[in-house]
Amino acid sequence: MAQKPSIPKGTRDFSPLEMVRRNYIFDTIKGVFRMYGYMPIETPAMENLDTLLGKYGEEGDKLLFKILNSGDFLSKADKALLEAGDSGRVTGQISEKGLRYDLTVPFARFVVQHQNDLTFPFKRYQIQPVWRADRPQKGRYREFFQCDVDVIGSDGLLNEVELIQIVDEVYRQLNIRVVVKLNNRKVLAGIAEIIGEPNRMVDITVAIDKLEKIGLQKVNQELEDKGLSNEAISKLQPILALSGDNFSKLNALSSVLAYSEVGLKGVDELKIVLNHTKSLGLNTPVEVDLTLARGLNYYTGAIFEVKALDVEIGSITGGGRYDDLTGIFGLKNVSGVGISFGADRIFDVMNQLDLYPTDVTAATQLLFVNFGEKEAAFALKIANTMRKNGIRTEIYPDGAKMKKQMNYADKKGIRFVAIIGESELNSNQITIKDMNAGTQETLSVENAIQTVVSGL
RNA sequence: GUGAUUGUAGCUCAGUUGGUUAGAGCGUCGGAUUGUGGUUCCGAAGGUCGCCGGUUCGAACCCGGUCUUUCACCCCA
């Protein structure tokens, strides 16, 4: 017996229904991106490993899928390392390619490599799968699609504003209620500076990121475990306790950060962005959230995260500004900002709330029943006429039993069935059956088109 | 990477203290109905009980390993 087939852990097949739904999401997102002047690019599924390594921190390196070299790769590896079972160092010798982990780093590579062909500010979008060797769980897959929009080569905060507008528009079109959480890495740096631990910004932000999840006490405990002084932790308390609306939070921050130049700059940036989004009158609420840190090390300014209000699933969109991403690849002083829509989580949210418009899943609208060669030949011609009138039409390929063909139409949710038998052939007419109403009439081709078009 | 959890027909699940031939519903296919779907009735196909090993006279059931599912941690879309 054949072995039971399966697919790798954390990956999925998509049925026609699922694909139609996913394409609806992708098309919506693409449409909004285009509306703001972004152009598509694609990059290879695999990159050279040295492009990817070291960009996502130690954790990220572990989550990279690595591709074995071709040929007799083991013979070229260091025998001593092999013998010692030193996987970490052996992989460097037997693998030089890896699957992309996100779209931002390949984009940075792309920009540096093609810098002379690009016009800056360069606005691109990119919708492709990425892979992470994570352990799968709710809303977390090993293969998933990201929909990135970035603008690179511009410092202007209008870009941040534009990205928030895009988020607002995409989720308005998809009919998902969301909140945009906004923070600024400069504010976080300022906080670290003020409490006298300027080098511990990452530890501090990772800890306060958990405030909502584990509570104040455990956050303080974690900070203590990481070796922060009691003095620093107590200085941090008023910042963790900040509340009120965006502008009162920011005013309070201004006084706390009065002696931090970078911190004040961050507050200022937040104010500018918020003033713009406020005057634009977006549907989506925008909240300043100091607990928002995000793991990626390369953000330097704004940090965004979008959460669905009606489903518990983590963030469905995230991003921020990175001042020196291309610097690693040798192109200095180019600032970029971008966000990534997590298509698979959006898909999960849409499924859970059943937010698809009814016409999204509609496939074939008219099926021609096949009674045999002569009838099918006639149907073939009329089917083409139908298609030219914008009706999605198919002909049943075999001269099967009527029951079977009707059943097929029923299962596929096809609204109209065209029946052409001997009597229709002789009178040069077709019978159109409305599967919803169960009624049918025999008509001329012109009238049949009328009936179908007005019935849809 | 750490700690749990799941696996029996295409799907959802039963399956007694370990005991002959592993069941149901839904779905699929065929028929009742040779030009009319959904409803109904009748019938059929479909299982190495995730995989490998162990205990036992005997394992779907007990034990170990492995893979898979789901969840938490870490991290993240």
(message) Test of understanding: with side chain to side chain contact (heavy atoms under 4.5 Å, CB included), list the residues that count as partners of A:Asn370, not counting sequence neighbours.
(response) A:Ala376, A:Tyr396, A:Gln405
(request) For B:U12 versus B:U70, give the span between their P atoms, rounded off to a whole number of Å. (result) 12 Å
(message) Are A:Tyr171 and A:Phe341, when compared by the centres of their aromatic rings, separated by less than 6.0 Å?
(response) yes
(request) For A:Asp50, check side chain to side chain contact (heavy atoms under 4.5 Å, CB included) against everything at least two apart and list the hits. (result) A:Asn48
(message) So that I know where these two stand, are A:Tyr38 and A:Tyr125 an aromatic pair - ring centroids less than 6.0 Å apart?
(response) no
(request) Go through the structure and list residues passing side chain to side chain contact (heavy atoms under 4.5 Å, CB included) with A:Leu158, not counting sequence neighbours. (result) A:His276
(message) I'd like to check the salt bridge (charged side-chain N to carboxylate O under 4.0 Å, His left out) partners of A:Glu169; sequence neighbours left out, ordered by chain and number.
(response) A:Arg172
(request) With sequence neighbours left out, write down each residue that passes side chain to side chain contact (heavy atoms under 4.5 Å, CB included) with A:Pro44, or none if nothing qualifies. (result) A:Glu47, A:Arg109
(request) Mind checking salt bridge (charged side-chain N to carboxylate O under 4.0 Å, His left out) for A:Arg34 and listing every partner two or more places apart, or none if nothing turns up? (result) none
(request) For B:G15 and B:A32, measure between their P atoms and round to the nearest Å. (result) 40 Å
(message) Given a 3.5 Å cut-off on both pairing distances, which stems involving RNA chain B, each at least three consecutive Watson-Crick or G-U pairs, are present, if any?
(response) B:1-4 with B:70-73, B:10-13 with B:23-26, B:28-32 with B:40-44, B:50-54 with B:62-66
(request) Let me know the distance between OH of A:Tyr56 and C1' of B:C74, rounded to the nearest Å. (result) 19 Å
(request) Could you state the atom-to-atom distance from CD1 of A:Ile127 to C1' of B:A77 in whole Å? (result) 14 Å
(request) Taking salt bridge (charged side-chain N to carboxylate O under 4.0 Å, His left out) as the test, write out the residues that go with A:Lys412, two or more places apart. (result) A:Glu394
(message) I'd like the P distance from B:A59 over to B:G53, given in whole Å.
(response) 13 Å
(message) Counting primed atoms plus P, OP1 and OP2 as sugar-phosphate and everything else as base, spell out the protein contacts along nucleotides 32-44 of chain B at 4.0 Å heavy-atom distance: B, S or - for each nucleotide, 5' to 3'.
(response) B--BBBB------
(message) I'd like to compare against my own output: the B/S/- annotation of nucleotides 66-73 of chain B with a strict under-4.0 Å heavy-atom distance to protein.
(response) --SS-SBB
(request) Using the C1' atom on both, measure B:U48 against B:A22 and round to a whole Å. (result) 14 Å
(request) Find the distance A:Arg132:CZ to B:G1:C1' and express it as a whole number of Å. (result) 17 Å
(message) Taking salt bridge (Lys or Arg N to Asp or Glu O under 4.0 Å) as the cut-off, I'd like each qualifying pair that reaches into residues 427-454 of chain A, sequence neighbours left out, listed once.
(response) A:Arg415-A:Asp434
(request) Go through the structure and list residues passing salt bridge (charged side-chain N to carboxylate O under 4.0 Å, His left out) with A:Glu193, not counting sequence neighbours. (result) none
(message) Please report the distance, rounded to the nearest Å, between CG in A:Leu63 and C1' in B:C74.
(response) 9 Å
